[in-house]
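Start at 1 with the first residue, then count along the sequence. Only a predicted model underlies this, so the values are computations on that prediction, with no experimental measurement involved.
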Amino acid sequence: MQKIWYFYFGELFNHLSTHTYYSEIDFDLYLNKDFSKTIASKIPRENRKYQNTPGLSFPLDVLLERIPNIIIYWQVRQPLDAICSLRVGISKTWGHHPQPPDYKDWMQESLLKKCAHHWNYINSIGYTSVKKIAVVTKFEDIGKGFIKIF
């Protein structure tokens, strides 16, 4: 397997000598990496140069055109765990991505409501964008040895 790209569990690859790992790298920088070597990355950051696919922080068609044999892992998390993870980015004026298009309308809501709205946006609209090509995994299964990546 030469190319790996996935959501939310990139930290597992950070210390593997077999992979070059990028965490939330700018999308344009990501596209210009050397994909002849094995790369693992957490979702890229938005780049104003591109129109993102709804629910994602990047344009899926551009990604697939550049890296046609990419493997996308969609990491499913327990909602409250994901909301706790989102808390830091969202509490800093929506530093988490991708931002729902109506995020400004939610700024007066409680942090829990903002996080729930963000989580729902990613896992409904975002997942719909990649569900035909993504490999769905769960955090609980990683520890059980269910996910065999190598």
Side-chain angles (χ1 to χ4, degrees), residues 1-14 16 18-107 113-142 146-150:
M1 180 177 308
Q2 288 192 347
K3 293 141 183 94
I4 297 178
W5 194 85
Y6 50 89
F7 292 88
Y8 302 123
F9 65 112
E11 292 80 5
L12 295 175
F13 292 89
N14 197 23
L16 296 176
T18 55
H19 291 71
T20 301
Y21 174 70
Y22 299 101
S23 178
E24 300 182 17
I25 187 173
D26 174 86
F27 183 68
D28 207 34
L29 294 174
Y30 182 77
L31 290 178
N32 290 299
K33 294 297 176 189
D34 178 5
F35 290 99
S36 67
K37 299 178 178 142
T38 306
I39 290 178
S41 87
K42 191 171 179 180
I43 57 174
R45 288 203 173 271
E46 294 92 341
N47 184 303
R48 293 181 192 262
K49 181 175 159 182
Y50 301 95
Q51 177 66 43
N52 297 343
T53 299
L56 303 176
S57 62
F58 59 92
L60 183 60
D61 58 336
V62 173
L63 179 75
L64 295 175
E65 182 180 311
R66 171 71 172 92
I67 316 162
N69 60 340
I70 197 166
I71 299 171
I72 296 176
Y73 290 97
W74 190 270
Q75 186 64 33
V76 177
R77 298 171 71 177
Q78 200 278 345
L80 290 177
D81 170 55
I83 287 170
C84 290
S85 175
L86 292 168
R87 182 187 57 78
V88 176
I90 292 174
S91 68
K92 295 180 179 180
T93 318
W94 288 86
H96 204 276
H97 56 274
Q99 296 173 339
D102 63 345
Y103 79 95
K104 290 181 181 176
D105 298 338
W106 286 79
M107 292 308 291
K113 284 184 180 180
K114 286 188 275 194
C115 289
H117 177 67
H118 188 86
W119 181 85
N120 186 51
Y121 173 71
I122 293 170
N123 287 293
S124 61
I125 296 171
Y127 177 67
T128 298
S129 299
V130 298
K131 73 180 179 181
K132 290 182 180 176
I133 59 172
V135 176
V136 177
T137 59
K138 295 181 180 181
F139 268 133
E140 306 86 67
D141 294 333
I142 292 173
F146 177 74
I147 300 174
K148 304 277 190 233
I149 306 176
F150 305 103

Could you list the residues that satisfy side chain to side chain donor-acceptor pair (under 3.5 Å) with [X], not counting sequence neighbours?
| X | answer |
| --- | --- |
| Asn32 | none |
| Asp61 | none |
| Tyr121 | none |

- Message: Once side chain to side chain contact (heavy atoms under 4.5 Å, CB included) is applied, do any residues pair with Asn47, and if so which ones, sequence neighbours excluded?
- Response: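 Scan of Asn47 (side chain to side chain contact (heavy atoms under 4.5 Å, CB included), adjacent residues dropped) gives Asp26, Phe27, Asp28, Lys49, Tyr50.
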- Task: Mind checking side chain to side chain contact (heavy atoms under 4.5 Å, CB included) for Lys33 and listing every partner two or more places apart, or none if nothing turns up?
- Result: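 Residues passing side chain to side chain contact (heavy atoms under 4.5 Å, CB included) with Lys33: Tyr22, Ile25, Phe35, Ile39.
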- Task: Go through Ile72 and Leu60 one step at a time and tell me if the side-chain contact (heavy atoms from CB on, under 4.5 Å) criterion holds.
- Result: CA-CA 11 Å; Ile72 296 176; Leu60 183 60; 4.0 Å; yes
- Message: Please give me the minimum heavy-atom distance between Thr128 and Ser124, naming the atom from each residue.
- Response: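 Heavy-atom minimum between the residues: OG1-O, 2.6 Å.
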- Query: Do you know which two heavy atoms are closest between Pro54 and Ser129, and how far apart they sit?
  - Reply: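 Of all heavy-atom pairs spanning Pro54 and Ser129, the closest is O-OG, 3.0 Å.
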- Query: Given side chains that start at C-beta, do those of Arg45 and Ser57 come closer than 4.5 Å, heavy atoms only?
  - Reply: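 No, every pair of side-chain atoms sits at 4.5 Å or beyond.
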- Any side-chain heavy atom of Glu24 sitting closer than 4.5 Å to one from Pro44?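 The answer is no, as the side chains (C-beta and beyond) never meet within the 4.5 Å cut-off.
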- Residues in salt bridge (Lys or Arg N to Asp or Glu O under 4.0 Å) contact with Lys131, at least two apart in sequence or another chain: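 Scan of Lys131 (salt bridge (Lys or Arg N to Asp or Glu O under 4.0 Å), adjacent residues dropped) gives none.
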Rounded to the nearest 0.5 Å, how far apart are [atom1] of [X] and [atom2] of [Y]?
| X | Y | atom1 | atom2 | result |
| --- | --- | --- | --- | --- |
| Ile70 | Leu63 | CD1 | CG | 4.0 Å |
| Tyr127 | Ile122 | OH | CD1 | 15.0 Å |
| Ser41 | Leu29 | OG | CG | 12.0 Å |
| Ile43 | Ser23 | CD1 | OG | 9.0 Å |

- Message: If you apply the rule side-chain contact (heavy atoms from CB on, under 4.5 Å), what do you find for Val62 with Gln51, and how did you get there?
- Response: CA-CA 10 Å; Val62 173; Gln51 177 66 43; over 6 Å; no
- Task: Might you work through the side-chain contact (heavy atoms from CB on, under 4.5 Å) test for Tyr30 and Arg66, ending with a clear yes or no?
- Result: CA-CA 10 Å; Tyr30 182 77; Arg66 171 71 172 92; over 6 Å; no
- Message: For the backbone of Ser36 and the side chain of Asp34, can you confirm whether one donor and one acceptor N or O come within less than 3.5 Å of each other?
- Response: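 Yes, because the side chain of Asp34 sits within donor-acceptor range (under 3.5 Å) of the backbone of Ser36.
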- Message: Could you go through Leu56 and Val130, starting from their C-alpha distance and side-chain angles, then the distance that decides it, and tell me whether this counts as side-chain contact (heavy atoms from CB on, under 4.5 Å)?
- Response: CA-CA 9 Å; Leu56 303 176; Val130 298; 3.8 Å; yes
